[in-house]
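Computed from a predicted model, the values in this text were never measured in an experiment.
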Amino acid sequence: MALVVASVVVLSGTAVLGAGAVAVAASVEPATSAGRVAASVPEADVSHHGHVVLWDAGLAVRVRTENHGPSSLAGVTVRVRTSVALAERQELPQNCLQTDRWTVLCRTGALRADGAQERRLAFELRLAGRPDEVVVWVDTLWNGGAADRNPGNNDHEVLALATGDEYVF
């Protein structure tokens with residue numbers, strides 16, 4: 001766990017995604033000998049891997065999310081953005097929602113710190129047109145406020161051509 005020293009720690013809020021809500025809060029430890037309050041910030045190493053496939057006006061997205069710790073997480077919000085606008089109506093899994101014409105957010109559920117537990121997302125997006133290519137960005141929007149010092153395995157940019165081939169990230 002990382003240790004952050006501050007004179008006042010106030011962190012609370014609610015993120016609503018899909019059918020549920022998750023509260024965000026920082027734990028506060030007793031004052032230190034210097035009279036300051038120390039807040040304990042959990043550390044995690046979230047990773048996303050998978051592939052995208054583009055054909056005609058469809059984009060298949062497959063994401064496997066893991067947490068390599070050292071702290072377990074109550075949940076992660078995966079963000080999938082596209083360089084091409086999405087069609088107005090999408091059929092998404094219950095744990096996902098479309099936030100604008102280019103972005104879909106999906107909740108993973110709890111992730112243990114050991115990396116042995118994974119969450120899989122699989123959905124197809126309909127695009128507004130029939131592009132020859134699309135850039136897809138996959139990253140972590142929210143991880144409960146944990147520090148992630150290794151964002152290289154959870155921030156991805158993938159160029160997919162309309163060939164029907166899998167483009168891996």
Side-chain angles (χ1 to χ4, degrees), residues 1-6 8-30 32 37-53 58-82 86 89-126 135-158 160 166-169:
M1 294 225 167
L3 187 61
V4 178
V5 178
V8 176
V9 176
V10 177
L11 177 60
S12 65
T14 302
V16 178
L17 183 60
V22 179
V24 180
S27 61
V28 177
E29 296 177 359
T32 63
V37 177
S40 179
V41 177
E43 289 185 53
D45 182 13
V46 175
S47 69
H48 306 299
H49 298 287
H51 65 269
V52 295
V53 177
L59 178 70
V61 179
R62 305 293 183 260
V63 181
R64 184 185 78 241
T65 300
E66 299 171 311
N67 174 21
H68 300 283
S71 298
S72 294
L73 299 172
V76 170
T77 302
V78 179
R79 176 172 47 192
V80 176
R81 294 177 293 146
T82 60
L86 302 173
R89 293 183 181 245
Q90 300 290 330
E91 291 186 30
L92 297 170
Q94 183 178 7
N95 60 330
C96 298
L97 65 87
Q98 183 176 348
T99 61
D100 60 30
R101 293 291 307 270
W102 301 270
T103 309
V104 171
L105 303 178
C106 296
R107 242 186 359 208
T108 65
L111 290 166
R112 289 193 319 254
D114 57 12
Q117 180 183 33
E118 63 183 39
R119 301 292 185 183
R120 293 183 180 260
L121 298 170
F123 53 90
E124 294 181 9
L125 298 172
R126 292 180 317 157
V135 177
V136 180
W137 295 273
V138 178
D139 64 356
T140 302
L141 177 67
W142 181 82
N143 68 0
D148 189 338
R149 289 179 170 70
N150 184 20
N153 61 0
N154 65 336
D155 291 345
H156 303 284
E157 180 177 324
V158 184
E166 289 184 356
Y167 293 89
V168 178
F169 59 90

Ignoring hydrogens and angles, tell me if any N or O in the side chain of [X] forms a donor-acceptor pair with the backbone of [Y] under 3.5 Å.
X: N95; Y: R107; value: yes
X: D148; Y: V46; value: yes
X: R62; Y: V53; value: no
X: Q90; Y: L92; value: no
X: N143; Y: V76; value: no
X: R112; Y: S72; value: no

Intermediate values then yes/no, side-chain contact (heavy atoms from CB on, under 4.5 Å), L125 and V104 = CA-CA 9 Å; L125 298 172; V104 171; 3.8 Å; yes
message = Could you walk me through whether V52 and L59 satisfy the side-chain contact (heavy atoms from CB on, under 4.5 Å) test, starting with their C-alpha distance in whole Å, then the side-chain angles of each, then the deciding distance to 0.1 Å, before giving a yes or no?
response = CA-CA 7 Å; V52 295; L59 178 70; 4.2 Å; yes
Could you tell me if N154 and D139 have a donor-acceptor pair between their side chains, going purely by distance under 3.5 Å?
no
When you compare the side chains of T103 and D100, does any donor N or O come within less than 3.5 Å of an acceptor on the partner?
yes
Considering non-hydrogen atoms only, spot the tightest contact between [X] and [Y] and give its length.
X: A122; Y: P93; answer: O-CG, 3.9 Å
X: S71; Y: A44; answer: O-CB, 4.1 Å
X: H48; Y: T65; answer: ND1-OG1, 2.8 Å

Any heavy-atom pair between the side chains of [Y] and [X] that's under 4.5 Å?
X: L121; Y: V61; result: no
X: V158; Y: V135; result: no
X: T140; Y: R79; result: no

Reported [atom1]-to-[atom2] distance for the pair [X] and [Y], which is rounded to 0.5 angstrom:
X: S47; Y: E66; atom1: OG; atom2: CD; value: 4.5 Å
X: N67; Y: Q117; atom1: CG; atom2: CD; value: 9.0 Å
X: C106; Y: Q98; atom1: SG; atom2: CD; value: 11.0 Å
X: L141; Y: R81; atom1: CG; atom2: CZ; value: 9.5 Å
X: E43; Y: N150; atom1: CD; atom2: CG; value: 11.5 Å

Self-check item: V80 vs F123, side-chain contact (heavy atoms from CB on, under 4.5 Å): CA-CA, chis, key distance, verdict
Solution: CA-CA 11 Å; V80 176; F123 53 90; 4.1 Å; yes
Going through the checks in order, is the salt bridge (charged side-chain N to carboxylate O under 4.0 Å, His left out) test met by E118 and R120? CA-CA 7 Å; E118 63 183 39; R120 293 183 180 260; 2.7 Å; yes
Would you please test L105 and V78 for side-chain contact (heavy atoms from CB on, under 4.5 Å) and show each step?
CA-CA 6 Å; L105 303 178; V78 179; over 6 Å; no
Q) Counting only heavy atoms not in W137, do more than 12 fall under 6.0 Å of its CH2? A) yes
Residue set satisfying side chain to side chain donor-acceptor pair (under 3.5 Å) with R89, at least two apart, ordered chain then number -> none
Those residues at least two apart in sequence (or on a different chain) that pass ring-ring contact (aromatic ring centres under 6.0 Å, His included) with F169 are H156
